[in-house]
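Note sheet for the following structure.
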Amino acid sequence: MEEEKTQKRRFSKELMEWVRALVIALLAAIFITQVIIVNAQVPTESMVPTIQAGDRVIGFRLAYLFDPPQRGDIVIFRYPDDESQYYVKRVIGLPGETVRVAAGKVYIDGSDTALDDSYINETMTGDFGPFEVPQNHYFVMGDNRNRSWDSRYWQNTYVSDEQLVGKAIFRLFPKPGPLR
């Protein structure tokens, strides 16, 4: 009888240790996904060749805690026309700048020199702008410029600081690797 009670106590103690470990793991996972990283899927070809349709990317939520996004950063943000959706695009225009697209090239603040967009596969078609980027906002475009639904077309053209979720830093699936 005494041995049976001892076994029940051991079992109860071990069960409580497992429950405690699972609760700690669950809380840690929630903390990491809500405060440190964000997981997003890119469902379209808008970021080809950098990110393929169907790729899963990981973003760092704390990337812009002390420094703002820079031109060329790939960001994860809440889509300005429907904040329930995450979008992934590249920062092109910074706060206070004027962005213009002419003859397939992007120009900032009336410069005669186009942005270096060596990461895109084909020349962009169409002329757009000028877009005057408000303070605390960003103008974003996909790397696959001819197949990207981006700032050029949205009703709410710019991504605000509050809509930024994180900086995309790593492709998780299907081919893991850093993003540039």
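The basis for the numbers below is simple: all heavy atoms, side chains too, and nothing from hydrogens, waters or symmetry mates. We're numbering straight along the sequence, starting at 1.
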Would you say that more than 12 heavy atoms from the other residues, nucleotides or ligands in this model lie under 6.0 Å from the CD of Glu45, or not?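 Open.
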When you group the ILVMFWY residues by side-chain heavy-atom contacts below 4.5 Å and let the links chain together, are [Y] and [X] in the same group?
| X | Y | answer |
| --- | --- | --- |
| Leu94 | Tyr119 | yes |
| Phe60 | Phe170 | yes |
| Val88 | Trp149 | no |

Please report the C-alpha distance between His137 and Asp161 in whole Å, then the side-chain angles of each, then the deciding distance to 0.1 Å, and finally whether the side-chain contact (heavy atoms from CB on, under 4.5 Å) criterion is met. CA-CA 6 Å; His137 288 76; Asp161 284 337; over 6 Å; no
For side-chain contact (heavy atoms from CB on, under 4.5 Å), just list the numbers for Ile108 and Val99, CA-CA rounded to whole Å, side-chain angles, deciding distance to a tenth of an Å, and then say yes or no. CA-CA 5 Å; Ile108 304 295; Val99 178; 3.8 Å; yes
Do the side-chain N and O atoms of Asn136 and Ser160 include a donor-acceptor pair separated by under 3.5 angstrom?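 Looking only at side-chain atoms, Ser160 and Asn136 do not form any donor-acceptor pair under 3.5 Å.
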Could you check whether Gln41 and Asp55, counting side-chain N and O atoms only, form a donor-acceptor pair closer than 3.5 Å? no
May I ask you to decide if the ring planes of Phe139 and Tyr158 are parallel, tilted or perpendicular, using 30° and 60° as cut-offs? tilted
What is the ring orientation for Tyr79 with Trp154, classed by angle as parallel under 30°, tilted 30 to 60°, or perpendicular over 60°? perpendicular
Can you measure from [atom1] ([X]) to [atom2] ([Y]) and round to the nearest 0.5 angstrom?
| X | Y | atom1 | atom2 | result |
| --- | --- | --- | --- | --- |
| Arg145 | Asp150 | CZ | CG | 7.5 Å |
| Arg171 | Ile74 | CZ | CD1 | 8.5 Å |
| Lys175 | Ile51 | NZ | CD1 | 13.5 Å |
| Asn144 | Met124 | CG | CE | 11.0 Å |
| Ser151 | Met141 | OG | CE | 8.5 Å |
| Met47 | Tyr87 | CE | OH | 13.5 Å |

Are Ile92 and Leu115 close enough, and set up right, to give a side-chain contact (heavy atoms from CB on, under 4.5 Å), and what steps lead you there? CA-CA 9 Å; Ile92 300 299; Leu115 287 184; 3.8 Å; yes
Under 3.5 Å donor-acceptor, [X] side chain and [Y] backbone:
| X | Y | result |
| --- | --- | --- |
| Asp109 | Ser111 | no |
| Asn146 | Thr123 | yes |
| Glu83 | Pro80 | no |
| Gln85 | Asp82 | no |
| Arg56 | Leu172 | no |

If you look at every heavy atom in [X] and [Y], which pair is closest and at what distance?
| X | Y | result |
| --- | --- | --- |
| Ala103 | Asp127 | N-OD1, 2.8 Å |
| Asn39 | Tyr86 | O-CD1, 4.5 Å |
| Tyr107 | Asp112 | CE2-O, 3.6 Å |
| Pro69 | Val91 | CB-CG2, 4.2 Å |
| Asp81 | Gln155 | OD2-N, 2.9 Å |
| Pro130 | Thr98 | CB-CG2, 3.6 Å |

I'd like to know if [X] and [Y] make a salt bridge, using a cut-off of under 4.0 Å between side-chain N and carboxylate O.
| X | Y | value |
| --- | --- | --- |
| Glu132 | Arg100 | no |
| Asp73 | Arg90 | no |
| Arg78 | Glu162 | no |

Should [X] and [Y] count as side-chain neighbours, where that means a heavy-atom distance under 4.5 Å?
| X | Y | value |
| --- | --- | --- |
| Val48 | Asp143 | no |
| Val165 | Arg61 | yes |
| Val23 | Leu26 | no |
| Val75 | Tyr138 | no |
| Ser46 | Lys89 | yes |

Where do Ile58 and Val38 land on the side-chain contact (heavy atoms from CB on, under 4.5 Å) test, with the steps shown first? CA-CA 6 Å; Ile58 298 293; Val38 58; over 6 Å; no
Are the ring centres of Phe128 and Tyr153 closer than 6.0 Å?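 Centroid distance Phe128-Tyr153: below 6.0 Å, so yes.
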